[in-house]
**Q** 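Let me give you the structure first, and then I'll get to my questions.
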Amino acid sequence: MTAENFLLSGQLTEAGHRLVQRVYYEDTDFSGLIYHARYLHFLERGRTDYLRCLGCQQSELLEADEEGLVFVVHRMEIDFKLPARMDDVLTILTATERAGGAKMVLNQEIRRGETLLIAAKVVIAVINRHGRPRRLPETVAEKFLGGRQ
């Protein structure tokens with residue numbers, strides 16, 4: 001990963017992953033507050049760049065073996081605490097709670113400075129290229145768990 005890609009993709013921390021994004025006009029509704037569905041985009045960017053920083057390229061996982069490996073959102077719980085506004089700088093935090101079997105559980109937060117705006121728990125199903133559940137390979141689970149089992 002180049003230095004430029006590293007900056008664009010955020011950074012791994014001891015707690016998980018950290019990505020900084022700005023709220024643009026396109027993210028807001030008529031009131032100037034971020035439209036609630038746009039938070040899903042920010043959360044997805046956080047998860048995608050977390051994978052990227054862990055060295056898990058989704059296109060490579062799909063082609064890694066004859067079964068293929070795909071991550072899909074199975075369930076999401078979101079607590080909307082406070083709104084973000086246009087031009088706010090947000091930090092999207094992503095951490096692995098559990099990784100193994102045919103699922104992963106990720107905890108995500110969106111913060112403005114130290115202020116918590118969104119808290120989300122995301123259950124990720126692990127499937128093959130045909131949409132059937134498959135076990136998360138140990139090597140991939142270890143990346144998400146950062147050496148803790």
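Values below: every heavy atom of this structure, side chains too, minus hydrogens, waters and symmetry copies.
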**Q** Asp49 and His17: side chain to side chain contact (heavy atoms under 4.5 Å, CB included), yes or no, with the steps?
**A** CA-CA 8 Å; Asp49 282 330; His17 180 260; 3.7 Å; yes
**Q** Once you round to the nearest 0.5 Å, how far does CD1 of Ile124 lie from CG of Leu136?
**A** 11.0 Å
**Q** Look up atom CG in Leu51 and atom CZ in Phe144, then write down how far apart they are to the nearest 0.5 Å.
**A** 4.0 Å
**Q** Is it true that Lys121 and Glu97 have a side-chain N and a carboxylate O under 4.0 angstrom from each other?
**A** yes
**Q** Before you tell me yes or no, could you show the steps for Ile92 and Glu109 under side chain to side chain contact (heavy atoms under 4.5 Å, CB included), namely the whole-Å CA-CA distance, both residues' side-chain angles and the distance that decides it to 0.1 Å?
**A** CA-CA 6 Å; Ile92 300 100; Glu109 294 181 349; over 6 Å; no
**Q** Would you compute the distance between atom CG of Leu82 and atom CD1 of Ile118 and round it to the nearest 0.5 angstrom?
**A** 9.0 Å
**Q** What do the steps show when you test Ser59 against Glu63 for side chain to side chain donor-acceptor pair (under 3.5 Å), and what is the final call?
**A** CA-CA 7 Å; Ser59 57; Glu63 302 300 326; over 6 Å; no
**Q** Is there a side-chain contact between Met86 and Tyr24, using heavy atoms and a 4.5 Å cut-off?
**A** no
**Q** Starting from the C-alpha separation in whole Å, work towards a yes-or-no answer on side chain to side chain contact (heavy atoms under 4.5 Å, CB included) for His74 and Lys103.
**A** CA-CA 9 Å; His74 174 70; Lys103 76 166 77 169; 5.8 Å; no
**Q** For atom CZ of Arg134, is the number of surrounding heavy atoms from other residues, nucleotides or ligands below 6.0 Å larger than 12?
**A** yes
**Q** Are Leu40 and Leu116 connected, step by step, through hydrophobic side chains (Ile, Leu, Val, Met, Phe, Trp, Tyr) whose heavy atoms are closer than 4.5 Å?
**A** no
**Q** Distance under 6.0 Å and angle within 45° of the ring axis: does Arg45 meet both against Phe42?
**A** yes
**Q** For Cys56 and Leu61, which heavy atoms make the closest approach, and how far apart are they?
**A** CB-CD1, 4.1 Å
**Q** Under 4.5 Å between side-chain heavy atoms, hopping through other hydrophobics if needed: is there a path connecting Leu43 to Val72?
**A** no
**Q** Can Met76 be reached from Ile127 by stepping across I, L, V, M, F, W or Y side chains whose heavy atoms are under 4.5 Å apart?
**A** no
**Q** Find out whether Thr28 and Tyr35 are in side-chain contact, i.e. whether some heavy atom of one side chain is under 4.5 Å from a heavy atom of the other.
**A** no
**Q** Under a 3.5 Å distance rule, please check whether Asn128 uses its side chain to pair with a backbone N or O of His130 as donor and acceptor.
**A** yes
**Q** Within a strict 4.5 Å, meaning less than it, do heavy atoms of the Val20 and Val89 side chains meet?
**A** yes
**Q** Search all heavy atoms of Gly10 against all heavy atoms of Cys53 and return the closest pair with its distance.
**A** O-SG, 3.9 Å
**Q** If we only count heavy atoms from C-beta on, is the Gln108 to Ile78 side-chain gap below 4.5 Å?
**A** no
**Q** Taking atom CD of Gln11 and atom CG of Leu19, what is their separation to the nearest 0.5 Å?
**A** 9.5 Å
**Q** Hey, does the side chain of Arg47 reach the backbone of Leu106 with a donor-acceptor pair shorter than 3.5 angstrom?
**A** no
**Q** Evaluate side chain to side chain contact (heavy atoms under 4.5 Å, CB included) for Gln58 paired with Val70, printing each intermediate quantity in order.
**A** CA-CA 7 Å; Gln58 293 185 64; Val70 179; over 6 Å; no
**Q** Taking the side chain as every heavy atom from C-beta outward, state whether Thr91 and Ile110 have any pair of such atoms under 4.5 Å apart.
**A** no
**Q** Among Arg38, His41, Gln21, which residue satisfies the side-chain hydrogen bond (donor to acceptor under 3.5 Å, both in side chains) criterion with Asp27?
**A** Arg38
**Q** Would you please say whether a donor-acceptor pair under 3.5 Å links the side chains of Tyr50 and Thr96?
**A** yes
**Q** Can Val123 be reached from Leu145 by stepping across I, L, V, M, F, W or Y side chains whose heavy atoms are under 4.5 Å apart?
**A** no
**Q** Within the structure provided, determine whether Arg111 and Leu93 are in side-chain contact (heavy-atom separation under 4.5 Å).
**A** yes
**Q** Are Leu12 and Leu54 close enough that some pair of their side-chain heavy atoms sits under 4.5 Å apart?
**A** yes
**Q** Considering all heavy atoms of both residues, which atom of Leu117 and which atom of Pro83 are nearest to each other, and what is their separation?
**A** CD2-O, 4.0 Å
**Q** For Arg85, is there an ion pair with Asp88 - N to carboxylate O distance below 4.0 angstrom?
**A** no
**Q** Working to the nearest 0.5 angstrom, can you tell me the gap between Leu69 CG and Arg135 CZ?
**A** 12.5 Å
**Q** Quick one: closest heavy-atom pair of Gly68 and Asp65, and the distance?
**A** N-OD1, 2.8 Å
**Q** Take atom CZ of Arg129 as the centre, draw a 6.0 Å sphere, and report whether it contains more than 12 heavy atoms from other residues, nucleotides or ligands.
**A** yes
**Q** Mind checking whether Gln57 and Arg52 have side chains closer than 4.5 Å, heavy atoms only?
**A** yes
